[in-house]
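Notes to accompany the following structure.
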Amino acid sequence: MKEFVFPREVTSGSLAEARKAGNNSFDQKNNSMAVSMRDLDPAFQGAGQKAGMEIWRIENFHPVPVPTSSHGKFFTGDSYIILKTTALKSGAFRHDIHYWQGKDTSQDEAGTAAMKTVELDAALGGRAVQYREVQGHETAQFLSYFKPCIIPQAGGASSGFKHVQPEEHETRLYVSKGKHVVHVKEVAFARSTLNHDDIFILDTKSKIFQFNGSNSSIQERAKALEVVQHIKDTYHDGKCEVAAIEDGRLMSDAETGEFWGFFGGFAPLPRKTVSEDDKTVEASSPKLLRITKGQTEPVDADPLTRELLDTNHCYILDCGIEVFVWTGRNTSLDDRKTGSTAVEELVRGPDRPKAHVIRVIEGFETVVFRSKFDSWPQTNDVTVSEDGRGKVAALLKRQGFNVKGLLKAAPAKEEPQPYIDCTGNLQVWRINGQEKTLIPSAEQSKFYSGDCYIFQYSYPGEDKEEILIGTWFGKQSVEEERTAAISLASKMVEALKSQAAQARIFEGNEPIQFFSIFQSFVVFKGGVSSGYKNYIAENGVADETYSEDGVALFRVQGSGPENMQAIQVAPVASSLNSCYCYILHSGSTVFTWSGNLTTADDHELVERQLDIVKPNLQSKPQKEGTETDQFWELLGGKLEFPGQKITRDAESDPHLFSCSFSKGNLKVSEIYNFSQDDLMTEDIFILDCHSDVFVWIGQQVESKSKTQALTIAEKFIEQDVLLEKLSRDAPIFIVMEGFEPSFFTRFFTWDSAKSAMHGNSFQRKYSIMKNGVAPTPDKPKRRPPASYGGRSSVPDKSQRSRSMSFSPDRVRVRGRSPAFNALAATFESPNARNLSTPPPMVRKIYPKSVTPDSAKLDAAKLASRSAAIAALTASFEQPAPPSPASAPSRIPKPKPSPETPKSEPTSNSMSSRIEALTIQEDVKEDEAEDEEGLPIYPYERLKVFSTDPVTDIDVTKRETYLSSEEFREKFGMAKDAFYKLPKWKQNKLKMALQLF
């Protein structure tokens with residue numbers, strides 16, 4: 001079952017799109033729904049040109065802009081138009097227009113708002129979705145713009161009412177309803193109004209009381225507290241007390257007695273009377289009506305199909321609680337306004353339940369509207385794709401044309417970021433039947449397409465060590481081993497007390513986090529597991545398992561040394577692609593092939609992967625168009641091949657859904673304009689960004705539901721709630737509250753102190769309201785968890801270390817004292833991090849708001865830094881007397897210079913002193929130094945497979961620890977000459993010497 005879900009993003013252009021013709025209107029021949037700029041109300045000039053919200057109030061039948069400071073203030077006697085402009089990841093704007101009608105507004109004003117909404121939409125290009133909002137029955141999307149709530153005030157422009165703050169505070173009683181968005185309504189201040197089912201807020205002069213009905217939910221109580229805070233800030237300048245009153249609490253409680261005193265004393269509450277607002281209206285079967293000359297006529301059709309909608313007409317789709325108005329692209333502006341009048345008459349009919357009216361334009365229909373039809377054709381994207389551009393460029397280049405200009409025209413796509421620290425510890429297991437076998441560290445990045453794997457990755461997080469446990473399913477793997485992998489991975493997560501994130505990944509749909517963890521990843525054809533071997537034997541399938549002596553073709557892809565893959569493909573010419581480099585081998589014969597659309601970076605990657613797939617063999621380079629006959633013979637002859645990149649689904653704008661799962665049925669409801677506060681600890685939420693699906697599980701969720709997290713995600717993908725054609729193989733991440741990885745929290749303005757709190761949602765928010773959020777204390781990193789293979793999770797010495805690459809801006813150190821480490825950490829620049837390894841936390845999508853708590857944190861950090869500077873300065877100016885028990889200091893005492901003042905050192909001189917301290921303290925007594933201040937080790941200890949390897953070095957720069965003489969002996973050149981070589985040549989030389 002699907003619960004009502006509001007529309008997916010509807011791509012919309014700017015106002016300039018409405019000015020395609022010279023007369024500033026649409027071409028009437030092709031699009032008769034034009035609006036001339038001279039007919040546009042002056043108040044709408046320039047609307048929708050930037051992301052944000054714009055509001056107009058109808059005054060004397062004209063829209064008048066509402067200042068930003070008054071956004072969220074509505075009067076019951078008025079009608080308003082609200083335009084929400086959202087910037088999408090695609091770079092386009094989405095426009096949502098809402099017209100809000102107060103309960104006391106006149107019918108003429110309401111009609112004017114509806115007409116002006118149509119006019120505004122036409123000026124925006126006719127792509128906006130329009131919503132009719134009635135006071136007390138607003139859509140969740142509308143209310144999400146004004147969190148936590150709106151509280152309309154009496155009066156309006158037409159009545160001439162002057163809104164003056166009364167000198168004496170008036171006691172008011174409100175009822176609050178809703179788990180995710182809140183409807184707030186002022187009710188009669190009387191004891192008879194209270195009941196056991198709802199939550200009431202009593203606003204008095206000196207204190208605000210929240211009365212929690214005994215039958216109300218924890219989530220509703222938590223949301224009501226946000227309303228209490230809003231009232232406190234808005235009507236009391238943040239200066240009043242707050243009290244929570246529990247239904248049934250004894251009168252002996254002082255605050256409870258005070259609350260009931262306002263109602264004349266305690267008395268049993270009456271049974272709740274059902275009001276018009278409490279009636280639930282079930283969705284009815286859709287009825288299609290066509291609007292002709294202002295009149296509606298039914299369209300008999302069962303089932304409903306897209307072909308029933310004529311581009312020259314307007315239609316009404318009546319679904320009871322939802323009424324849609326569909327407008328054809330060839331309808332005139334007058335026809336649209338007539339349709340608006342017709343739907344107003346329909347929803348104002350006698351015995352008609354309150355309904356949401358949503359207007360959509362042909363070609364830009366919402367998900368909900370399309371879901372009402374049995375068949376809806378997939379819309380075609382008319383824009384020129386980058387894939388098509390690449391194919392044309394490759395074809396022209398083969399024919400000898402210069403394609404530089406064509407390639408330049410293609411906009412560069414932003415590389416996705418992994419948002420995960422890549423310096424952690426990795427362990428990998430292969431599934432064999434119902435068991436798992438630990439893979440040696442030297443082989444753990446080599447997978448087979450017929451096998452299933454489990455990986456565990458522990459890495460430093462923002463304030464503690466984080467763990468990711470995942471399963472990887474090859475395309476040819478068998479179902480029995482997939483099931484076993486999920487079961488075994490779940491047990492590993494349970495053993496860690498659910499403190500690890502979990503991932504389910506399919507071959508060909510790996511997320512960037514996976515590739516960044518493995519860095520250099522190889523996929524071979526076939527498999528070595530018992531499940532795969534049994535499958536091919538039972539079904540008589542040919543065994544394609546990779547053989548070093550056979551013919552094999554590998555496509556090399558990736559964005560750099562920290563993200564590169566070699567994927568074995570069928571050894572035929574049609575497997576080639578102009579956008580990639582390839583490795584082809586047959587026994588000891590090795591070719592590398594470069595497509596015409598590859599870059600120097602691609603060529604470097606193929607050199608790196610060659611030393612993994614076929615090390616110690618000389619390759620024969622081939623360029624597209626100049627291949628040798630032997631190359632084509634190995635591939636079985638020439639064939640046509642593509643010239644476009646192979647891409648996985650791109651990340652889109654994120655959508656958050658609350659969900660309930662019972663008896664195999666999943667119901668979801670979208671949370672609009674979401675924030676961290678929307679994640680309730682009692683619930684399960686799904687975050688869908690198209691390329692990946694996240695399931696967030698609150699601490700208070702019952703155990704049975706926690707075990708169903710993967711099933712919930714699979715059901716969500718199967719339902720495809722947003723009709724976005726989600727891949728069944730899309731990566732799924734299961735995230736536990738309190739242990740959210742940074743690649744999940746990046747979608748929020750995240751405060752880790754909130755996720756670390758205990759108690760239910762209401763208790764947490766009440767504690768924050770009373771005491772604020774306590775900053776999370778600095779915790780030591782957790783030790784790596786015990787290995788599940790009976791061995792330490794510390795990698796073998798032969799394993800290539802995952803430490804960060806050398807950066808000239810960051811001094812590499814060894815053997816620091818704990819005190820010095822703390823000092824260096826205080827001064828370490830966040831910009832001096834290894835450029836090839838993303839930091840644990842990076843720029844968030846949404847800007848972080850400044851709160852009192854965040855301000856305190858910033859002040860604390862500043863104070864800590866200032867104290868460290870003062871302590872360091874004091875240590876330079878007043879050296880401590882030497883201790884007789886300590887070794888002689890190797891740090892020379894600074895000599896004061898008469899030309900240089902002692903006080904007020906600059907930040908640059910301070911950092912240089914720290915670096916000097918670092919280098920000098922780092923070198924031990926028994927170690928020699930080179931001219932750069934680094935320790936020197938013999939070549940035999942620096943080799944990758946040394947029998948006595950050196951520890952605590954930067955393994956990506958092993959050659960820097962050689963003496964100048966030994967460096968020249970091994971490389972045949974000086975260090976300066978070596979570092980002037982291209983990167984790939986440096987790496988080639990290092991590989992030959994086993995220093996890479």
Side-chain angles (χ1 to χ4, degrees), residues 426-457 469-495 502-510 514 517-518 521-555 565-572 575 585-587 612-613 707-708 710-711 713-714 717-718 727-732 734 787-791:
L426 176 67
Q427 287 180 286
V428 182
W429 295 262
R430 180 185 293 111
I431 302 300
N432 271 304
Q434 299 299 312
E435 304 295 329
K436 66 180 190 295
T437 303
L438 185 67
I439 298 178
S441 56
E443 300 293 320
Q444 63 185 9
S445 64
K446 297 177 181 179
F447 283 22
Y448 285 86
S449 189
D451 296 341
C452 296
Y453 297 82
I454 297 175
F455 64 91
Q456 176 178 303
Y457 181 62
I469 294 176
T471 54
W472 183 91
F473 301 149
K475 291 180 178 178
Q476 299 170 291
S477 60
V478 297
E479 190 62 36
E480 292 80 3
E481 290 191 337
R482 292 183 180 185
T483 304
I486 291 174
S487 175
L488 292 169
S490 298
K491 289 178 182 177
M492 292 170 65
V493 173
E494 289 173 14
Q502 191 172 350
R504 187 214 67 178
I505 297 168
F506 282 91
E507 179 188 351
N509 276 275
E510 295 90 350
F514 179 86
I517 289 170
F518 282 85
F521 186 64
V522 181
V523 179
F524 296 113
K525 279 184 168 292
V528 296
S529 69
S530 58
Y532 175 78
K533 295 297 184 185
N534 292 338
Y535 173 79
I536 61 174
E538 292 171 3
N539 294 273
V541 179
D543 189 355
E544 296 182 319
T545 303
Y546 171 75
S547 168
E548 290 186 5
D549 299 325
V551 177
L553 180 66
F554 293 86
R555 182 180 70 247
Q565 304 88 46
I567 312 298
Q568 188 179 357
V569 294
V572 293
S575 296
H585 76 71
S586 175
I612 296 172
V613 176
T707 61
Q708 296 173 326
L710 184 58
T711 304
E714 290 173 339
I717 292 174
E718 180 185 330
S727 169
R728 294 292 180 96
D729 297 340
I732 294 172
I734 299 170
S787 165
Y788 288 93
R791 354 175 339 173

Intermediate values then yes/no, side chain to side chain contact (heavy atoms under 4.5 Å, CB included), Q502 and L710: CA-CA 9 Å; Q502 191 172 350; L710 184 58; 5.7 Å; no

Closest non-hydrogen atom pair, S530 against N432: N-OD1, 3.1 Å

Side chain to side chain contact (heavy atoms under 4.5 Å, CB included) evaluation trace for E443 with R430: CA-CA 11 Å; E443 300 293 320; R430 180 185 293 111; over 6 Å; no

Close side-chain approach of F473 to I486, heavy-atom, < 4.5 Å: yes

Taking every non-hydrogen atom, the tightest pair across C452 and V478: SG-O, 4.5 Å

Trace of the side chain to side chain contact (heavy atoms under 4.5 Å, CB included) decision for F455 with Q444: CA-CA 9 Å; F455 64 91; Q444 63 185 9; over 6 Å; no

Interatomic distance, I536 atom CD1 to E544 atom CD [nearest 0.5 angstrom]: 9.5 Å

Pairwise distance CD1(I734) to CD1(I469) - rounded to 0.5 angstrom: 11.5 Å

Backbone N/O of T483 and side chain of S487: donor-acceptor pair under 3.5 Å: no

Pairwise distance OG1(T471) to CD(E481) - rounded to 0.5 angstrom: 13.0 Å

Qualifying residue for side chain to side chain donor-acceptor pair (under 3.5 Å) with S449, from E507, K475, K525, Q568: E507

Exercise: do D543 and T545 side chains pair donor with acceptor under 3.5 Å: yes

Ring center gap for F518 and F447 short of 6.0 angstrom: yes

Value rounded to 0.5 Å, distance of OG1 in T437 from CD1 in I431: 8.0 Å

Any side-chain donor near an acceptor of the partner, Q565 and E510, under 3.5 Å: no

Over 12 foreign heavy atoms within 6.0 Å of CD, E718: yes

Taking every non-hydrogen atom, the tightest pair across L553 and S575: CD2-CB, 3.9 Å

Gap separating the NE2 atom of H585 from the CG atom of D549, nearest 0.5 angstrom: 8.5 Å

CH2 on W472 to CZ on F506, rounded to 0.5 Å: 11.0 Å

Heavy-atom closest pair, residues V551 and P571: CG1-CB, 3.9 Å

F514, CZ atom: more than 12 neighbouring heavy atoms under 6.0 Å: yes

Residue pair Q456 / W429, side-chain heavy-atom distance below 4.5 Å: yes

